[in-house]
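The chains referred to below are lettered A, B, ... by the order of the sequence lines, with proteins before strands, and numbering in each begins at 1. Hydrogens, waters and symmetry mates are skipped; everything else that's a heavy atom, side chains included, is used.
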Amino acid sequence: MSRKTMVGGATIVTALALWYLATSVTQMISPGRFPSPADTWDAFRQITGAGYANGLLLDHVLRSVMLVSFGFLVAVCTGVPLGLWMGWSRRAEALINPVFLIIRPIPPLAWIPLAILWLGLGDAAKILVIWFAAFVPSVINAYTGVRNLDRTLVEAARMLGTPLLTFVREVLLPGASPMIFTGLRLSLQASWTTLVAAELVGAMTGLGRVLNAAQQDLYPGMILVGMIAVTLCGWLMTAALGMAERRALSWNIATQARD
Amino acid sequence: MGEIRFDDVGRIYGDRNGGFEALKGVNLAIADKEFMAVVGPSGCGKTTCLRFVAGFDRPTSGTVSVDGVRVASPGPDRAVVFQQFALMPWKTVRENIELGLRNKRLPRPERAERIERILALMNLTAYADAFPHQLSGGMQQRVSIARAYVLDPEVLLMDEPFGALDAQTRVVMQEELVRLARRNPRTVMFITHAVEEAVYLADRVAIMARQPGRVKEIVDIRTIREAERWDDHEKIEDVMDLESFVHLRTQIWRSLREEKAMEIA
Amino acid sequence: MGEIRFDDVGRIYGDRNGGFEALKGVNLAIADKEFMAVVGPSGCGKTTCLRFVAGFDRPTSGTVSVDGVRVASPGPDRAVVFQQFALMPWKTVRENIELGLRNKRLPRPERAERIERILALMNLTAYADAFPHQLSGGMQQRVSIARAYVLDPEVLLMDEPFGALDAQTRVVMQEELVRLARRNPRTVMFITHAVEEAVYLADRVAIMARQPGRVKEIVDIRTIREAERWDDHEKIEDVMDLESFVHLRTQIWRSLREEKAMEIA
Amino acid sequence: MRILCATNSLLLGLIGFSAFLGIWALLSISGLVPSLFLPSPLAVVERFIYLLDHRFAGGTLLDHLWASMLRFAGGFGLAVAVGVPLGLLMGWFRLLDDIVTPLFDAVRFIAPIAWVPFAALWFGTGIGGPIMIIFAGAFPPCLINAYRGAKFADPRLIEAARMLGTPDRRVITEVLLPSAVPSIIAGLRISAGLGWQSLVGAELIVASTGIGYMMVQGQGNVSTTTVMAGMIGIGIIGLIIDVVLRQAENAILRRRGLSA
Amino acid sequence: EAITVSYQPSLYWALPFHVATEKGWWAQVGLEPSFVTFPAGAPQIAAAQARDWDVGGTGSVPAILGASRFGLKTIGLTNDESRTNAIMAPADEIEAVKADPGQVTSLLLTTNSTVDYTARACLDSWGVDPGSVEFVNLAQAQIISAVISGNGRFAGVWAPNTYTLQERADYDYLCSGVDADAIVPGALVAREDFAAENPQAVRKFLAVYLKSIRWIRANPDEAMEMLVDFYSEGGVEISQAGAAAEFELRPTFTLDEQVGLMARDAGPSDVDGWMTRIAEFMTSVGTIPEAPDAVSYIDPTHMQGVAEDQALADFVNAD
Ligand SMILES: Nc1ncnc2c1ncn2[C@@H]1O[C@H](COP(=O)(O)OP(=O)(O)OP(=O)(O)O)[C@@H](O)[C@H]1O
Ligand SMILES: Nc1ncnc2c1ncn2[C@@H]1O[C@H](COP(=O)(O)OP(=O)(O)OP(=O)(O)O)[C@@H](O)[C@H]1O
Ligand SMILES: O=[N+]([O-])[O-]
Ligand SMILES: [Mg+2]
Ligand SMILES: [Mg+2]
């Protein structure tokens with residue numbers, strides 16, 4: 001643990017030092033191609049002071065966190081039950097899978113034109129785009145979780161005369177939950193990585209909007225600030241999810257061993 | 001109240017024409033409160049037979065019935081003890097044992113009382129709130145047996161319940177099971193690979209053969225056990241040193257070895 | 001040429017102050033070409049001891065040496081047969097056996113010849129190009145033994161090699177191992193939970209005890225075996241019926257049971 | 001969970017698929033949704049077939065798909081070529097693991113298309129830029145799955161190899177790599193999916209060929225059929241890539257006696 | 001002599017490249033062009049930094065952005081886009097809105113672009129405070145989707161999207177650059193280091209472009225047909241009316257006109273003035289920190305070089 005932190009810390013510090021050296025001291029990388037630490041700091045000062053792309057950094061962060069959370073929740077609330085159902089019932093799987101297989105490879109971005117046509121420029125369209133990205137991992141992992149559920153546990157429950165509702169709540173759901181949580185992590189990550197695309201849909205504020213604007217402006221410092229903000233937000237939300245996971249899966253030896 | 005009958009039972013896997021005949025013409029009757037051990041080479045269909053009684057699977061021909069009623073689905077009157085314990089890892093020992101009672105809609109105080117009693121009987125009281133992964137294999141198997149016993153089932157089905165335990169733990173469990181079975185007799189179908197275990201525990205031992213799977217021979221143990229008063233000995237190794245025991249064991253061994261020899265030839 | 005010595009060996013897991021003392025003061029000498037079985041309750045440190053000899057781990061105190069040289073790292077002079085076979089599932093039987101020979105940089109014709117010989121010896125010739133998953137457990141273990149034997153090692157280390165096999169297959173393997181060991185003696189360290197197996201196979205049996213793990217008693221088998229001419233019997237159940245065998249087995253059983261009793265108390 | 005026979009599940013699949021098409025057709029034909037918003041399946045298929053041999057936005061549908069495929073092959077190939085070996089090495093050498101992991105964690109949440117501006121600045125928008133964007137999408141699963149595959153290789157197999165006198169370098173190729181193969185292929189499937197998605201993103205924004213670009217142009221012409229024909233093209237190629245990888249996965253698992 | 005030429009497809013000012021290729025004029029001056037196209041100005045400028053291209057045409061906003069960030073040189077004009085950068089509105093509401101421009105509270109447009117500049121000039125001319133208007137940033141194709149699906153009333157677009165809205169959504173011009181006195185030129189640009197190292201190639205490039213312009217003016221019917229082909233090649237289906245409008249609404253400049261517009265004999269040139277206003281707009285919305293000095297990036301020497309090089313001038317003016 002401590003060794004890991006040390007090497008990790010040293011790596012980060014080295015990377016920062018190399019960045020500074022390459023952009024600011026030796027000018028090996030021209031500031032037009034990649035921002036120097038000073039450029040980045042200036043961009044940060046601008047977005048926290050005067051604002052950029054219609055808002056201060058905090059406005060953008062709050063807006064994006066809200067959007068991501070909402071899209072993520074919608075995806076989870078639809079994806080997990082569908083995955084559980086497909087995992088449990090071969091009939092449901094046979095019925096749904098072909099459609100799922102055909103729609104799945106279509107990238108969330110490709111839905112943008114239709115999302116605008118269908119839902120306009122409001123949050124609904126953005127959430128639809130995020131949903132397309134976050135939905136798939138939720139379904140697949142819930143499905144796999146059920147399929148990998150120890151068959152003897154299912155039989156044990158049946159032998160104990162467990163009624164369906166109790167079975168779903170006390171066997172199926174907890175049994176699949178390690179996989180479901182893996183799916184949630186992937187869904188969350190997908191939500192964040194789709195944010196930039198979602199905010200192509202006429203966003204007024206948001207980190208995706210910042211990145212889009214900075215891209216239009218060819219403003220490398222601001223692009224980097226946007227990227228760092230996205231990373232930190234994604235990281236924090238994943239950490240929160242990890243805590244929820246550890247609580248929910250306290251019975252699971254594997255999760256405990258991981259830390 | 002707990003009589004199991006196999007009448008000309010067959011099971012074909014795969015499609016009905018070109019399939020693999022796992023069982024053919026199995027006839028077996030386990031009397032009420034009888035402890036029947038089933039031994040036989042790997043793949044002879046022991047587990048398949050047990051799953052019929054449990055209601056997890058159905059024969060493709062013949063009938064399996066309990067108390068004259070054809071088995072249709074699993075239920076708490078036929079409790080199963082699995083080799084890999086099959087405890088819910090997300091439930092504590094108490095919650096695992098409680099699930100079957102809750103399904104029976106027993107009132108809470110009665111549930112609590114029955115759980116306390118079985119925990120005490122199985123030496124588990126101190127571990128009531130532990131999770132399965134915090135217990136040794138032997139203790140997990142004890143929980144699994146407690147979960148079955150607490151339902152007070154007519155029939156107990158055990159598929160190599162001690163197969164995953166180490167040899168020392170195994171004998172302890174065997175001795176405990178003997179005590180439990182003698183004090184509180186139930187109809188038991190007990191699958192094992194270990195001939196000594198079968199002889200030590202059972203009233204009768206059914207020997208199965210392969211290709212197709214069938215019951216080849218049934219050896220009566222009870223008569224000799226009672227005649228030679230095995231149950232007066234407390235420890236398994238004392239019983240195992242008895243000549244009557246060694247004799248029965250070797251008889252069953254030879255019968256199984258024949259099978260093995262035929263197979264290798 | 002293959003003598004194993006444990007001198008005052010200790011092993012502490014975790015940090016050196018507050019750690020868990022898995023082994024303490026283990027002394028054991030296995031003579032060249034001797035077959036030493038090690039029995040003991042679960043967790044007493046049998047595997048840990050074997051891993052020292054294999055070079056996978058090191059004691060925190062004392063020394064483990066082979067032929068007077070302290071063991072530093074794993075090597076083909078000390079071949080290991082694992083309980084779970086540990087065959088590479090992506091290699092055929094032949095390729096699995098060949099890996100060690102290739103590492104030794106033997107020329108191809110010699111490799112081929114040695115592989116053919118060991119395949120024939122282990123009754124595996126017909127399966128040379130099969131993948132492990134296409135073989136039964138017993139055959140997989142035979143491959144694993146062939147992989148070890150083909151290296152012609154000074155020392156063979158076996159950690160419950162038959163633990164994953166069913167009872168009938170197990171006795172066949174035991175008989176084969178006895179034949180192999182008598183014909184082609186090697187220094188063997190053989191860990192098992194099955195007392196009968198230890199008595200049947202070994203020249204001496206080391207009984208270990210727990211907390212901390214140590215060698216509690218060593219039982220000589222060879223003297224009696226040779227005196228009573230066990231090896232004249234071809235089948236294991238014939239040997240197991242002999243009174244001398246039953247006597248030794250029960251002696252070791254009692255010694256182990258004492259341990260178990262202490263633990264539960 | 002009763003086992004359904006193959007024909008039965010095929011039938012159910014057909015039912016599900018027909019229901020999907022039926023609802024779609026009903027919505028557009030009944031006029032509930034204007035055909036500009038949701039053209040009928042037939043109109044989309046017609047447009048799809050038309051685009052196969054008529055040029056639109058600089059090429060036929062096949063030209064666009066081909067341009068996209070080339071970019072994809074470059075970015076995905078690079079991701080595999082770098083990610084898999086690096087992952088395996090990280091699984092064996094702890095120092096490398098400790099060094100790479102924090103850097104990797106630092107960039108995980110950044111959308112591949114967020115790299116668009118830097119990709120354009122560094123490599124242009126012809127081939128290099130899109131390849132970098134696809135790489136950004138496809139690289140993480142390659143690395144992670146190779147790493148996990150190596151990390152979770154059965155330690156007994158590693159010990160078996162070591163006791164057979166196998167040198168370090170060969171342990172990686174003879175044990176870690178084959179152990180990780182199922183995990184790597186699973187990773188490749190995810191990685192191909194993400195790479196393909198990033199590709200479309202890149203083309204929507206920076207390129208002026210390729211299937212994504214064709215869709216933007218379709219949108220500009222208010223040709224919803226073109227947009228949806230493009231989606232179908234993307235979907236089909238994505239599906240083909242996944243099917244090919246899944247076949248490879250099944251073949252390898254079967255060879256090892258693990259059912260897929 | 002190899003040269004990489006960049007442009008955005010399906011834009012009127014790129015037609016001369018197409019014409020020159022069809023007519024084989026590149027070879028006549030000894031250039032071997034290869035073409036790269038970009039869907040928008042920003043990636044085009046970014047790609048210059050990656051040396052993806054040497055010369056080309058682009059909007060004035062990207063030209064200034066490139067000048068400010070990477071020293072991109074503006075070496076000539078493509079056309080005057082002032083009439084085709086416009087705020088569009090439903091045709092039947094035009095009069096009412098013109099009477100009360102305060103109704104414009106939300107605008108779909110591509111921000112930081114020429115149409116953003118135009119729109120702000122329009123608001124200014126109406127006396128509407130831009131702060132009271134919500135600018136919804138969308139790519140051009142998405143603006144069309146949004147308008148068609150009824151998710152926006154006022155849209156800032158440039159040609160040919162203006163025609164698409166006219167024909168598909170029954171929209172019309174509410175206010176174009178001309179109405180607001182905002183001149184929006186299109187720029188011919190060159191990478192600084194390429195121009196410094198290959199001045200003659202840059203001049204040949206200009207000569208070919210100017211010769212095409214001359215030809216287009218002289219042969220409007222044939223050119224119109226080529227335009228329709230050229231657009232459909234780029235994925236834009238334009239009607240005859242739309243094509244006609246392109247010719248009508250977008251003035252181009254001959255060699256002599258360009259030399260004149262870029263001349264600094266009497267203080268800053270016309271082009272300097274137009275571009276500087278746009279640069280100031282870009283500064284005001286925070287795209288660039290300060291407006292670059294026109295003299296630093298508008299480089300008339302190449303245009304003059306063409307005029308002074310007798311061979312090239314003859315080439316441009318030959319029929
Ligand atoms: N679902 C199935 N599909 C096809 N064949 C099966 C299936 N289940 C069992 N079999 C086959 O039926 C035969 C009997 O299997 P069963 O599991 O009952 O044997 P067993 O006696 O319990 O063996 P073991 O001692 O190894 O547990 C075996 O040959 C097995 O391969
Ligand atoms: N890596 C480890 N870290 C901490 N404790 C360990 C580790 N490996 C083994 N132990 C402990 O050391 C003791 C001896 O373990 P070992 O595996 O040698 O026992 P064993 O006699 O082989 O048991 P079994 O019969 O169950 O295989 C056990 O208590 C075990 O929990
Ligand atoms: O992108 N523009 O041409 O303004
Ligand atoms: Mg079985
Ligand atoms: Mg062990």
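- Of the listed residues (A:T231, A:I112, A:L211), the one with the most heavy-atom contacts under 4.5 Å to chain D is A:T231.
- Looking at A:L186, neither its backbone nor its side chain comes within 4.5 Å of chain D, counting heavy atoms on both sides.
- Both the backbone and the side chain of D:F37 come within less than 4.5 Å of a heavy atom in chain A.
- With a threshold of 4.5 angstrom between heavy atoms, D:M215 approaches chain A through side-chain atoms but not through N, CA, C or O.
- Across all non-hydrogen atoms, the minimal contact from A:H60 to A:A53 is CE1-O, 3.0 Å.
- Contact annotation for A:A110: both backbone and side-chain heavy atoms come within less than 4.5 Å of a heavy atom of chain D.
- We find the CZ-CG distance between A:R147 and A:L84 to be 11.5 Å, quoted to the nearest 0.5 Å.
- Residue A:S191 does not touch chain D at all, counting heavy-atom pairs closer than 4.5 Å.
- Interface summary for chain D: among A:F34, A:W192, A:Y219, the most heavy-atom pairs under 4.5 angstrom belong to A:F34.
- Under the 4.0 Å criterion applied to side-chain N and carboxylate O atoms, D:R189 and D:E249 are assigned as salt-bridge partners.
- Options A:I223, A:V230, A:L232, A:I96 differ in how many heavy-atom pairs under 4.5 Å they form with chain D, and the most are formed by A:I223.
- Only the side chain of D:F118 comes within less than 4.5 Å of a heavy atom of chain A; its backbone N, CA, C and O stay farther away.
- A donor and an acceptor atom, one from each side chain of A:T144 and A:N148, are nowhere located under 3.5 Å apart.
- Neither the backbone nor the side chain of A:L188 has a heavy atom closer than 4.5 Å to any heavy atom of chain D.
- Using a 3.5 Å distance cut-off with no hydrogens or angles, the side chains of D:T209 and D:R71 do pair a donor with an acceptor.
- Contacts between D:L95 and chain A at a heavy-atom distance below 4.5 Å involve backbone atoms as well as side-chain atoms.
- In this structure, D:I211 CD1 and D:F72 CZ are separated by 14.5 Å, a value rounded to the nearest 0.5 Å.
- Below 30°, between 30° and 60°, or above 60°: for D:F139 and D:F104 the angle between ring planes is above 60°, a perpendicular geometry.
- Rounding to the nearest 0.5 Å places OH of D:Y147 at 12.5 Å from CG of D:L89.
- At a 4.5 Å heavy-atom cutoff, D:S198 makes no contact with chain A through either its backbone or its side chain.
- Of the listed residues (A:V99, A:N97, A:I29), the greatest number of heavy-atom pairs within a distance under 4.5 Å of chain D belongs to A:V99.
- Nearest heavy atom pair, residue D:F135 against residue D:P140, reads O-CD, 4.4 Å.
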